[in-house]
Amino acid sequence: YIAPVVTLTEADVIGELTIQTMRPRKESCNRVRGTFPDATRQWETTDYPPVKNAIYLGQDKGVEIWQNLDLPFTSSQTMAQRLAKIEMEKSRQGITVSGVFGLRALDILAGETVAFTLSRMGWSSKVFLVEEWELVELHGAFSVVLGVGLVLRETASALYDWNEGEETTW
């Protein structure tokens, strides 16, 4: 996790702003399983113990939603579980924002995080990951304005938290 260094506000929005508050169910999960090349077994591809979250299972009305995550470049069972947990936590982040922002957003790159303050949604420096970035033209009646099209996805530092007690062994 890298903390944002840029904060966008309503004043930076120069085009239409679209806010999606929930992700489609097919993009979400409450269970993750997969394989990794186990260094302790001479690099044999092995299943790592599945990562599960009972709270998310309850939110999904008891329906198990599995995601397969094969990790061909991860050689440790602990790291495989940690990466699976991060992937599951990311899938539960529901808010996506798309819009055109002013040229102050030129300094932002895809893959970075930004803070976004939007009073109508009650957000004060809410953290988002920049998933897409593009330079766009907005055509008015007598002018053309350059802007930056961004797709932002909710994120948080807690997605990357890991305690040694979270590791599951077979």
[X] versus [Y], closest heavy-atom pair with distance:
{"X": "C29", "Y": "W66", "result": "CB-C, 4.5 Å"}
{"X": "S76", "Y": "F36", "result": "C-CE1, 3.6 Å"}
{"X": "R92", "Y": "S28", "result": "NH1-OG, 3.1 Å"}
{"X": "Y48", "Y": "A80", "result": "CD2-CB, 3.6 Å"}
{"X": "V144", "Y": "H139", "result": "CG2-ND1, 3.3 Å"}
{"X": "M88", "Y": "V51", "result": "CE-CG1, 3.5 Å"}

Same apolar cluster: [X] and [Y], side chain cutoff 4.5 Å:
{"X": "V13", "Y": "L146", "value": "yes"}
{"X": "W133", "Y": "L103", "value": "yes"}
{"X": "I19", "Y": "L152", "value": "yes"}
{"X": "I14", "Y": "L17", "value": "no"}
{"X": "V151", "Y": "V148", "value": "no"}

Distance, nearest 0.5 Å, that separates [atom1] of [X] from [atom2] of [Y]:
{"X": "D12", "Y": "T7", "atom1": "CG", "atom2": "OG1", "result": "9.5 Å"}
{"X": "I95", "Y": "T155", "atom1": "CD1", "atom2": "OG1", "result": "11.5 Å"}
{"X": "R153", "Y": "Q20", "atom1": "CZ", "atom2": "CD", "result": "9.5 Å"}
{"X": "K90", "Y": "Q93", "atom1": "NZ", "atom2": "CD", "result": "10.5 Å"}
{"X": "N53", "Y": "I65", "atom1": "CG", "atom2": "CD1", "result": "11.5 Å"}

Salt-bridge present (R31, D60; N to O < 4.0 Å): no
For a 4.5 angstrom cut-off between non-hydrogen side-chain atoms, does [X] reach [Y]?
{"X": "Y56", "Y": "E89", "answer": "yes"}
{"X": "L8", "Y": "I108", "answer": "yes"}
{"X": "T78", "Y": "W162", "answer": "yes"}
{"X": "V97", "Y": "L118", "answer": "no"}
{"X": "L106", "Y": "L135", "answer": "yes"}

More than 12 heavy atoms from other groups under 6.0 Å of CG on L109: yes
Return a table of donor-acceptor pairs under 3.5 angstrom between the side chains of residues 67-74 and protein atoms on other chains or two or more places apart.
unit_1	atom_1	unit_2	atom_2	d
N68	OD1	R33	NE	3.0
D70	OD1	T35	N	3.1
D70	OD1	T35	OG1	3.0

Backbone of D161 reached by a side-chain donor or acceptor of K85 within 3.5 Å: yes
Sidechain-backbone polar pair: E154 side chain, G94 backbone, donor-acceptor under 3.5 Å: yes
For I86, the rest of its hydrophobic cluster, which grows through side-chain links under 4.5 angstrom: Y1, V127, L159, Y160
Residue pairs fulfilling side chain to side chain donor-acceptor pair (under 3.5 Å) with at least one residue in residues 107-125, sequence neighbours excluded: E10-S119
